[in-house]
Amino acid sequence: VLSCSCLPDLREDDNPPCTAGNQQAIERQCNVLKSDKFKECHSLVNPDDFIEICIYDMCQYDGMKSALCDIVQVYVDTCKNHGITIKWRNSTFCPLPCPSRSHYKDCVSPCPSTCSDIFASSLCEKTEECTEGCECDDNYVLSNGNCVPLSSCGCRDDDNNYYSVSSLWSKSLTSK
């Protein structure tokens, strides 16, 4: 007969490290997951555990908004895995910062147009799901991670090799 004795659990208490002054405000913010915006997913993904984690993290980090946004993102991703897409970001609630000459969209192509392939987004596999993210403004395309004017892109030769404007400029100087 095997006999085991358990050691006492000496871990710190799992109560959130809130101050009396910020606990209610933090709970109110985390309870956004119970709002109508997320209601469609509640029957598939119970928000209570996410709210508990949100409260703990926000208390731990003194009400830091990014903790709230991170847990809401995890909840939305979990809902998406169950087939429910929730549009939840806006300019005042957890906005996604975008680089200059680009803007946030809740559904961007996974194949953005670039200088080397300006038709990429229209030729992208239609089976690819869109995702939220930043999209270059009209008449701008990606080049090395930045949105640049379409007019500053290079061109392709007959063998489909891409040449940037700067490489074309230097070639024209050296070929003279």
Side-chain angles (χ1 to χ4, degrees), residues 1-114 120-121 124-138 140-148:
V1 175
L2 185 62
S3 170
C4 294
S5 63
C6 294
L7 295 173
D9 185 355
L10 300 176
R11 292 178 293 181
E12 287 184 35
D13 195 1
D14 282 342
N15 289 330
C18 280
T19 63
N22 68 3
Q23 174 118 17
Q24 283 186 327
I26 286 173
E27 286 178 1
R28 201 169 32 255
Q29 290 175 73
C30 292
N31 277 322
V32 71
L33 289 174
K34 288 187 176 179
S35 71
D36 286 347
K37 185 175 283 290
F38 304 94
K39 190 177 186 177
E40 186 182 356
C41 188
H42 289 167
S43 62
L44 296 171
V45 182
N46 187 335
D48 292 340
D49 289 340
F50 293 86
I51 291 169
E52 193 176 314
I53 294 166
C54 175
I55 292 168
Y56 187 91
D57 287 356
M58 284 192 74
C59 287
Q60 183 72 36
Y61 298 107
D62 199 28
M64 193 164 65
K65 286 276 193 234
S66 61
L68 169 65
C69 296
D70 288 348
I71 199 68
V72 172
Q73 181 67 63
V74 171
Y75 184 78
V76 167
D77 289 345
T78 305
C79 292
K80 190 171 186 171
N81 290 340
H82 285 82
I84 306 284
T85 301
I86 299 171
K87 296 178 182 180
W88 62 282
R89 289 187 194 271
N90 61 42
S91 60
T92 57
F93 185 71
C94 299
L96 192 66
C98 291
S100 63
R101 299 180 295 273
S102 69
H103 55 278
Y104 170 80
K105 281 186 74 176
D106 55 24
C107 184
V108 296
S109 170
C111 314
S113 294
T114 64
S121 60
C124 189
E125 288 291 320
K126 297 302 180 200
T127 56
E128 295 283 336
E129 286 191 34
C130 66
T131 182
E132 69 172 353
C134 299
E135 181 177 79
C136 290
D137 295 340
D138 286 345
Y140 287 83
V141 294
L142 275 179
S143 178
N144 296 323
N146 297 312
C147 292
V148 299

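If you're wondering where the values come from, they're calculated on a predicted model, not measured in any experiment. Values below: every heavy atom of this structure, side chains too, minus hydrogens, waters and symmetry copies.
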Has the side chain of [X] got a donor or acceptor atom that lies under 3.5 Å from a matching backbone atom of [Y]?
X    : Y    : value
H42  : L33  : yes
R101 : D137 : no
Y75  : V45  : yes

**Message:** One pair to check against side chain to side chain contact (heavy atoms under 4.5 Å, CB included): I71 and C30. What are the steps and the verdict?
**Reply:** CA-CA 9 Å; I71 199 68; C30 292; 5.6 Å; no

**Fill in**
For S102, the side chain to side chain donor-acceptor pair (under 3.5 Å) test, sequence neighbours excluded, returns none

**Request:** Could I get the full list of side chain to side chain contact (heavy atoms under 4.5 Å, CB included) partners for L44, not counting sequence neighbours?
**Result:** H82, I84

**Shortest non-hydrogen contact between L68 and M58, atoms and distance** = CB-SD, 3.5 Å

**Message:** Looking at every heavy atom in both V148 and S143, which two are closest together, and how far apart are they?
**Reply:** CG2-CB, 3.6 Å

**Request:** Run the numbers on K87 and E132 for side chain to side chain contact (heavy atoms under 4.5 Å, CB included), then give the verdict.
**Result:** CA-CA 9 Å; K87 296 178 182 180; E132 69 172 353; over 6 Å; no

**Message:** Before you tell me yes or no, could you show the steps for C98 and H103 under side chain to side chain contact (heavy atoms under 4.5 Å, CB included), namely the whole-Å CA-CA distance, both residues' side-chain angles and the distance that decides it to 0.1 Å?
**Reply:** CA-CA 6 Å; C98 291; H103 55 278; 5.6 Å; no

**Working for side chain to side chain contact (heavy atoms under 4.5 Å, CB included), residues K34 and D48** = CA-CA 8 Å; K34 288 187 176 179; D48 292 340; 3.2 Å; yes

**Asked** Between the side chains of E27 and N31, is a donor N or O closer than 3.5 angstrom to an acceptor N or O?
**Response** no

